[in-house]
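Below: the structure, in structure tokens.
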Amino acid sequence: MKMKLIITVLFFGFLFSISYSQSLRTMSMAGITIPIKDADNSCDPYDFGGNISYLYLDETTSWLKINPSLNSNWGDYKRPYDADNVNLYGLNFTGLKTLGTDGTFIGSVSYIYDSRINVNRSIKYNTYQGDAFFINDTTSGNIHYNGPAVKFGYSFELFSGLYLGATVGYKILDGFKEIYSQTSTVLRDVDGSVGITYKLFNSAFLSAGFSTYNSQQTLTIELSAPVDDEIYNYHGDNYFITQIGNPITEKLKEYGYSWNSQFYCNPDKNSEVGLNFVYSNSNEKVLLENQSVNGNVLLDVENGFAYFNQYLVEFKGRYDLTPDLTVGLKGSWLYNSSWSSSQELLVWDWNNKTAGAGLGATYNISPSFLISLEYNYSHVNADSSKYIDNHFTTVSSNDHIFRIGGEYEIFSKVFLRGGGGYGIIGKDIVYGGSNIKYALATFGLGFNLFDSFSIDFLLDYNNYKPKQLDYSHSFFDGLITLKLFNI
């Protein structure tokens, strides 16, 4: 089954994340997060739940991070409208300034260059995002997107034990397909969030937050020659509406919001526990411009509507059994549902439930050498009803992933990091394969030679290969973080 899965919370977290993403240190150690202690990997509402109000407590010194990055993926194990190869280049500047009792400010400025090689027909920016609609031309070609993104956040203590925070972000990308249909794309995203944290007692905090985003993608299909273009608006996999003209303009509008809440307890330096709850809701509209309806020309005519709903509950805890041995546990439950309609007719609906659990341990073999192990299990139940294609599917999957990572101080304040992972995915609900073999290898270096700055490097390789097939899909990440302190 080739189910097109969206996890709405990833939109909120990935598109405009500032600093509550995983650090390069833990990513270099096979991406282990449960048992490893790290400044950006605690169980608190900011690191674990992304709640901006806790930033005031989480960050106590000023810094500036400069992050050049490359993210690439390629392979024959893919979906029909995927590109053969995607290269995402980024340059990000993130600064944090502590203002004492006046609060803490954080700001991020990024530039993105997204190069997609040999995209098969699709001209949507997010081809597979859980709806039943595709916008296609007739060719395979390269599409390039580029543009800036900015985000700003502020957190402060309003009263003793009561903390507030807010963020606002904006992103705009321009895209162009090099060959017919020569589609130009303008993608605009705006997001914002507010949060509140209350100190229950000395070691416990309760947080809540609200996030929202608004996105619009405008597609303009215009040929330089005086001939008509053809665009196909698919509803499902087989049925489509043809638009003929020059130019042709279509829009995709998205709106979503998310409520979240966190509980955090850190009774001593040897233990911490965090809970995170998220409810997300969003919708998407596909609009055709300048359409004739009953003899009248309307600016925007709705061609499709999709609705998404999600619940996420997760837990993470960590405890020092001895000064050299730390153990951790994590659990999660995720429910996603979506339906798509056109002209008030139900086209497709799907839902999936994922229950996950993980455990791990970190052991300090010596003051300069640590090793960490982690195991994650997830069970997925998913069903898809494509009414328009008369295709109904139910899938169940048991997934297992093992990771091992380590860090060694080869010289004073110079760290060598690495890790690997192996997993079996019973049924891949995104790409459609069965008995997927997953392999991971990571390598990293850290230099903390001076009090004023540090440098971290990461190389990360992932591969997914169905057991019964001869092809696979690979992901590669190369990242650098230059961190300047006390700016």
Side-chain angles (χ1 to χ4, degrees), residues 7 9-10 13-14 17 19-51 54 58 205 260 262-278 312-334 354-365 369-380 398-408 415 417-425 438-442 444 446 456 458 460 462 477:
I7 298 179
V9 75
L10 293 180
F14 171 75
S17 63
S19 71
Y20 47 84
S21 59
Q22 196 180 345
S23 72
L24 261 65
R25 176 174 176 263
T26 54
M27 291 172 68
S28 299
M29 292 184 276
I32 294 175
T33 61
I34 299 174
I36 292 181
K37 293 182 177 181
D38 185 84
D40 297 321
N41 188 40
S42 81
C43 302
D44 68 47
Y46 184 68
D47 288 340
F48 189 43
N51 193 308
Y54 198 84
D58 188 71
F205 299 85
N260 63 81
Q262 299 82 30
F263 172 78
Y264 176 59
C265 186
N266 181 214
D268 51 51
K269 294 182 179 180
N270 299 322
S271 61
E272 62 174 338
V273 62
L275 294 170
N276 184 39
F277 168 78
V278 181
L312 170 67
V313 181
E314 55 184 344
F315 153 87
K316 184 166 74 171
R318 195 177 289 128
Y319 180 70
D320 294 338
L321 288 177
T322 72
D324 294 319
L325 178 62
T326 301
V327 296
L329 292 172
K330 185 177 182 180
S332 64
W333 182 81
L334 174 68
T354 303
L359 70 157
T362 298
Y363 183 65
N364 294 297
I365 297 174
F369 184 32
L370 70 81
I371 189 169
S372 187
L373 301 169
E374 184 176 285
Y375 166 71
N376 285 277
Y377 166 79
S378 62
H379 176 74
V380 182
N398 293 298
D399 307 333
H400 309 266
I401 296 179
F402 301 86
R403 291 184 176 92
I404 181 171
E407 179 180 64
Y408 181 63
F415 299 90
R417 302 170 184 132
Y422 179 80
I424 296 293
I425 300 171
Y438 166 73
L440 162 71
T442 63
D456 290 285
L458 165 70
D460 180 314
N462 296 260
D477 301 309

>> Students often mix this up, so state it plainly: with edges at 30° and 60°, are the rings of His400 and Tyr377 parallel, tilted or perpendicular?
In response: tilted
> Quick one: which of Ile32, Ile34, Thr33 gives a side chain to side chain contact (heavy atoms under 4.5 Å, CB included) with Asn376?
Replying inline: Ile34
Answer yes or no: is there a donor N or O on one side and an acceptor on the other, between the side chain of [X] and the main chain of [Y], under 3.5 Å?
X: Thr362; Y: Pro35; value: yes
X: Asn266; Y: Asp268; value: yes
X: Thr442; Y: Gly419; value: yes
X: Arg417; Y: Ser28; value: no

>> To check you understand the geometry: which heavy-atom pair defines the closest contact between Ser42 and Asp58, and what is its length?
In response: OG-OD1, 4.4 Å
> Can you name the closest pair of heavy atoms from Ser23 and Asp40 and give their distance?
Replying inline: CB-OD2, 3.7 Å
> Among all residues two or more places apart in sequence or in another chain, which pass the side-chain hydrogen bond (donor to acceptor under 3.5 Å, both in side chains) test with Tyr438?
Replying inline: Asn462
Approximate separation, where rounding is to 0.5 Å, of [X] [atom1] and [Y] [atom2]:
X: Ile371; Y: Ile404; atom1: CD1; atom2: CD1; answer: 4.0 Å
X: Ile424; Y: Ile401; atom1: CD1; atom2: CD1; answer: 10.0 Å
X: Tyr363; Y: Leu325; atom1: OH; atom2: CG; answer: 7.5 Å
X: Phe369; Y: Tyr408; atom1: CZ; atom2: OH; answer: 8.5 Å
X: Asp477; Y: Asp460; atom1: CG; atom2: CG; answer: 4.5 Å
X: Arg403; Y: Tyr422; atom1: CZ; atom2: OH; answer: 14.5 Å

>> Could you go through Asp38 and Thr26, starting from their C-alpha distance and side-chain angles, then the distance that decides it, and tell me whether this counts as side chain to side chain donor-acceptor pair (under 3.5 Å)?
In response: CA-CA 8 Å; Asp38 185 84; Thr26 54; 5.2 Å; no
> Got Ile36 and Glu407 here, is their nearest side-chain heavy-atom distance under 4.5 Å?
Replying inline: no
>> Are Tyr319 and Val273 packed together at the side-chain level, in the sense that at least one heavy-atom pair is separated by less than 4.5 angstrom?
In response: no
> Name the one of Lys316, Arg318, Lys37 that satisfies side-chain hydrogen bond (donor to acceptor under 3.5 Å, both in side chains) with Glu272?
Replying inline: Arg318
> Between Leu370 and Asp324, does a side chain to side chain contact (heavy atoms under 4.5 Å, CB included) hold up when you go through it step by step?
Replying inline: CA-CA 9 Å; Leu370 70 81; Asp324 294 319; over 6 Å; no
> Could you walk me through whether Leu329 and Phe315 pass the side chain to side chain contact (heavy atoms under 4.5 Å, CB included) check?
Replying inline: CA-CA 8 Å; Leu329 292 172; Phe315 153 87; 4.2 Å; yes
> Between Phe48 and Tyr264, does a side chain to side chain contact (heavy atoms under 4.5 Å, CB included) hold up when you go through it step by step?
Replying inline: CA-CA 9 Å; Phe48 189 43; Tyr264 176 59; over 6 Å; no
